[in-house]
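The block underneath contains the structure these notes are about, expressed in structure tokens.
Numbers here simply count residues along the sequence, with the first being 1. Note that this is a predicted model, so its numbers are computed, not measured. First listed ligand is number 1; within each ligand, the first listed atom is number 1.
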Amino acid sequence: MTETAGDTTTAEGRRFPPPPELAAHANVGPEVYEEAARDRLGFWAEAARRLTWTQDWDEVLDWSNPPFAKWFVGGKLNVAYNCVDRHVEDGHGDQVAYHWEGEPGDTRTITYAQLKDEVCKAANALLELGVQAGDRVAIYLPMIPEAVISMLACARIGAVHMVVFGGFSADALASRITDAGAVLVITSDGGYRRGAPSALKPAVDDAVDRTEGVRNVIVVKRTGEEVAWNEGRDLWWDDVVERQSTEHEPESFDAEHPLYIMYTSGTTAKPKGILHTSGGYLTQVAYTHWATFDLKADDDVFWTAADVGWVTGHSYIVYGPLANRATSVMYEGTPETPHRGRWWEIVEKYGVTILYTAPTVIRTFMKWGEDIPAKFDLSSLRVLGSVGEPINPEAWLWYHEHIGGGRCPIVDTWWQTETGAHMITPLPGVTTLKPGSAQRPFPGISAKVVDDEGNELEKDATGLLVLTEPWPSMLRTIWGDDDRYVETYWSRFGTSVYFAGDGAKVDEDGDIWLLGRVDDVMNVSGHRISTTEVESSLVGHATVAEAAVVGASDPTTGQGIVAFVILRGNVTEEEASGDELVQRLRTHVAKDIGPIAKPRQIMVVQELPKTRSGKIMRRLLRDIAENRDLGDVTTLTDSSVMDMIKDKLPAAPSED
Ligand code: WT7
């Protein structure tokens with residue numbers, strides 16, 4: 001990719017036009033924006049026609065009772081048929097659906113024909129166990145093919161799956177089973193993590209003991225470790241699924257039939273069960289997967305390096321790629337097992353062409369050093385993606401150069417569990433990229449930045465991100481709680497404006513820059529400063545690997561900026577412990593953003609508290625900065641991280 005002139009003194013000032021080769025053959029060109037703007041519903045109807053429907057819809061959208069939307073009213077389809085059977089019927093049964101790679105190095109190759117057989121067998125097993133359309137099935141599995149097979153088996157018979165990330169505790173699983181009213185759980189003896197088997201079944205036993213309504217637990221054998229057994233309730237996958245017929249006639253379901261519930265790792269005590277339905281969801285995940293990544297079903301090897309336990313996995317490991325007949329990589333383990341080059345080894349081995357991951361992982365790779373990916377052949381890559389948080393321009397440039405070899409566009413995709421699919425993103429064959437910006441609403445999506453009163457802001461202004469038109473893959477409600485649905489998302493600016501909870505800035509070109517959750521936007525002496533902006537500046541310093549910034553209440557300025565930083569490996573112990581480096585970093589930020597952004601305190605730490613999806617838990621850091629009680633830390637990957645951080649706390653904040 002050639003670089004155009006811009007303000008090249010800053011990382012975000014650099015510009016990257018689409019590679020001409022890619023643009024010439026891209027699935028979508030610039031005209032798609034105008035087409036969608038001219039006839040939004042017609043645009044989505046056309047996207048829906050990429051799927052196979054057994055009954056046509058009467059109306060594209062029923063928005064007569066906002067915020068309760070109905071898409072493709074009266075239409076019928078089977079989601080699993082669309083993801084699997086139709087590709088086999090079209091003569092692509094031998095195409096690989098998944099190159100699965102276990103952490104210990106074992107592999108499985110699953111073609112579309114094999115996937116169809118497996119899904120039918122699992123669907124027949126569920127039916128035999130009395131699972132009916134509309135019933136909820138909890139899935140608590142590692143990253144193994146049975147996770148995908150189970151999801152599709154549910155979809156095939158109209159059961160609603162509720163996947164709980166395997167890293168969650170028995171507590172979290174129990175509360176989700178209860179809230180969703182699950183009748184069956186699919187789990188495994190365990191999975192592999194960091195080179196060792198890690199058990200899952202004990203958490204299920206514990207959770208099911210504390211809940212009512214679960215009749216059966218299906219257990220996949222993965223590690224071969226011993227498990228406790230509840231006769232009559234527990235069934236081995238190999239016993240109940242393997243003997244089933246590979247024939248199952250898919251039934252058609254209404255476009256609005258519930259497909260799945262996904263609980264969000266919310267900041268409040270009770271998790272929200274986000275409900276997604278069938279026709280609209282599949283339409284938008286399939287179309288965005290095809291357009292945002294420029295997916296070519298015959299040539300690409302696509303890899304979303306995330307867990308199926310999150311929405312990213314649902315939409316871009318399972319439903320989007322399968323609906324598009326993609327060949328995907330699925331990897332069970334962690335990036336550093338058995339060595340820090342594992343991902344790049346996988347890219348080389350399978351010839352991955354499109355890689356989709358999160359900024360936090362990219363920064364970890366940065367910390368480990370570019371010499372690691374440099375040892376592998378990454379020349380197959382042609383498009384890179386980012387999701388989960390704003391990507392700081394330095395990480396963007398590192399990803400672009402050291403992973404993408406300077407030739408791959410990076411699509412920075414903004415979306416949420418609630419939106420189901422990409423909402424704001426560049427398009428790889430169309431957009432001139434700006435490192436750090438998600439840039440433009442996807443065609444057919446209406447996103448705006450507004451002030452506190454809901455007035456649209458246009459050029460060079462900061463405000464709140466809202467979505468002003470319904471979209472096909474939008475959440476339909478919070479499971480069992482319509483009031484909370486209305487209250488959380490659709491009350492701030494009226495019942496037809498979706499409040500995303502993110503701060504955003506529109507620049508002079510109209511491009512959107514996400515600034516983090518609004519509760520993470522600090523107010524220092526009446527100035528609005530994004531935690532992300534300060535983090536980005538810190539990470540831009542040669543000594544900093546990772547940074548988390550919070551606004552701690554301050555008697556004089558309203559909020560004071562407190563930063564927690566992890567230093568790079570090249571910093572000596574002596575440098576790290578002294579005050580000199582911290583002062584240098586404060587000055588660096590002040591110079592980078594402005595004196596107003598100079599952190600009040602900077603603490604050097606070894607680890608940052610993160611949720612299992614890799615998001616920094618700023619709430620906890622804020623509590624430390626303000627010395628409050630810690631509250632609930634059960635969603636942390638490692639609660640000892642907090643102790644380590646607390647140990648580093650200076651007795652009193654440094655002044656000036
Ligand atoms: C929140 C949603 C979308 C799947 C993974 C996260 C943040 C997500 C971006 C991005 C800036 C982003 C937002 C959003 N976010 N992607 N490209 N740029 N921020 O799903 O757990 O529902 O979190 O993640 O703050 O609101 P989620």
Side-chain angles (χ1 to χ4, degrees), residues 12 163 165 167-168 261-268 271-276 281 284-285 288-289 292 304-320 356-362 384-393 395-396 399 410-426 431 433-442 445 447 449 464-467 471 473-475 478 488-489 498-505 511-521 530-533 535-536 610-619 635:
E12 66 266 31
V163 180
F165 173 57
F168 271 127
I261 302 167
M262 162 112 286
Y263 286 85
T264 54
S265 54
T267 43
T268 57
K272 296 182 287 230
I274 303 304
L275 179 71
H276 283 292
Y281 174 79
Q284 194 174 333
V285 295
T288 51
H289 176 254
T292 306
T304 289
D307 196 285
V308 284
W310 306 113
V311 75
T312 306
H314 280 46
S315 299
Y316 299 106
I317 294 176
V318 183
Y319 291 112
Y356 191 33
T357 188
T360 180
V361 189
I362 297 161
L384 300 174
S386 174
V387 60
E389 55 175 314
I391 179 165
N392 48 298
W396 195 105
Y399 193 28
I410 298 176
V411 286
D412 175 4
T413 60
W414 179 90
W415 58 297
Q416 309 175 299
T417 305
E418 292 88 340
T419 71
H422 300 161
M423 300 296 283
I424 305 176
T425 178
T431 317
L433 304 171
K434 297 179 179 177
S437 172
Q439 301 195 262
R440 216 169 150 179
F442 193 86
I445 297 299
V449 178
L464 303 169
L465 181 71
V466 294
L467 304 169
W471 61 101
S473 64
M474 64 193 278
L475 75 168
I478 292 174
T488 309
Y489 304 108
Y498 175 88
F499 174 64
D502 276 287
K505 184 172 83 182
D511 283 316
I512 298 175
W513 298 71
L514 279 309
L515 302 173
R517 303 293 303 183
V518 275
D519 37 9
D520 295 333
V521 176
S530 156
T531 52
T532 314
E533 230 174 327
E535 284 165 8
S536 184
K610 288 183 184 163
T611 63
R612 290 193 167 94
S613 62
K615 269 199 224 325
I616 292 166
M617 296 186 84
R618 291 202 177 71
R619 181 176 57 86
T635 56

> Which atoms of ligand 1 have any heavy atom of D412 under 4.0 Å away?
Replying inline: 10 (C), 17 (N), 18 (N)
> Would you say the side chain of I274 lies within less than 4.5 Å of the side chain of V311, judging by non-hydrogen atoms?
Replying inline: no
> Looking only at distance, does D502 have an N or O less than 3.5 Å from an N or O of ligand 1?
Replying inline: yes
>> Side chains of Y281 and S315: any donor to acceptor distance under 3.5 Å?
In response: yes
> Can you list the atoms of ligand 1 that are under 4.0 Å from a heavy atom of V311?
Replying inline: 4 (C)
> Atoms of ligand 1 less than 4.0 Å from V387 heavy atoms?
Replying inline: 3 (C), 4 (C)
> Just heavy atoms, cut-off under 4.0 Å: does E389 contact ligand 1 by side chain, backbone, both, or neither?
Replying inline: backbone
> Heavy-atom distance under 4.5 Å between the side chains of P359 and P390, does that happen here?
Replying inline: no
> Below 4.0 Å from any atom of ligand 1, is there a heavy atom belonging to G388?
Replying inline: yes
> Near L514, which atoms of ligand 1 are under 4.0 Å from a heavy atom of that residue?
Replying inline: 11 (C)
>> Between F442 and W415 (judged by ring centroids, cut-off 6.0 Å), do the two rings come close enough to count as a pair?
In response: no
> If you count the atoms of ligand 1 from 1 in the order shown, which ones are under 4.0 Å from a heavy atom of T312?
Replying inline: 4 (C), 5 (C)
> Quick one: which ligand 1 atoms are inside 4.0 Å of a heavy atom on T413?
Replying inline: 9 (C), 10 (C), 16 (N), 17 (N)
> Does the gap between the ring centers of Y319 and H289 come in under 6.0 Å?
Replying inline: no
> Only one of W513, W414, W396 clears side-chain contact (heavy atoms from CB on, under 4.5 Å) with S437; which?
Replying inline: W513
> Where on T417 is there a heavy atom closer than 4.0 Å to ligand 1, on the side chain, on the backbone, on both, or on neither?
Replying inline: both
> With a 4.5 Å heavy-atom cut-off, do Y498 and L475 have their side chains touching?
Replying inline: yes
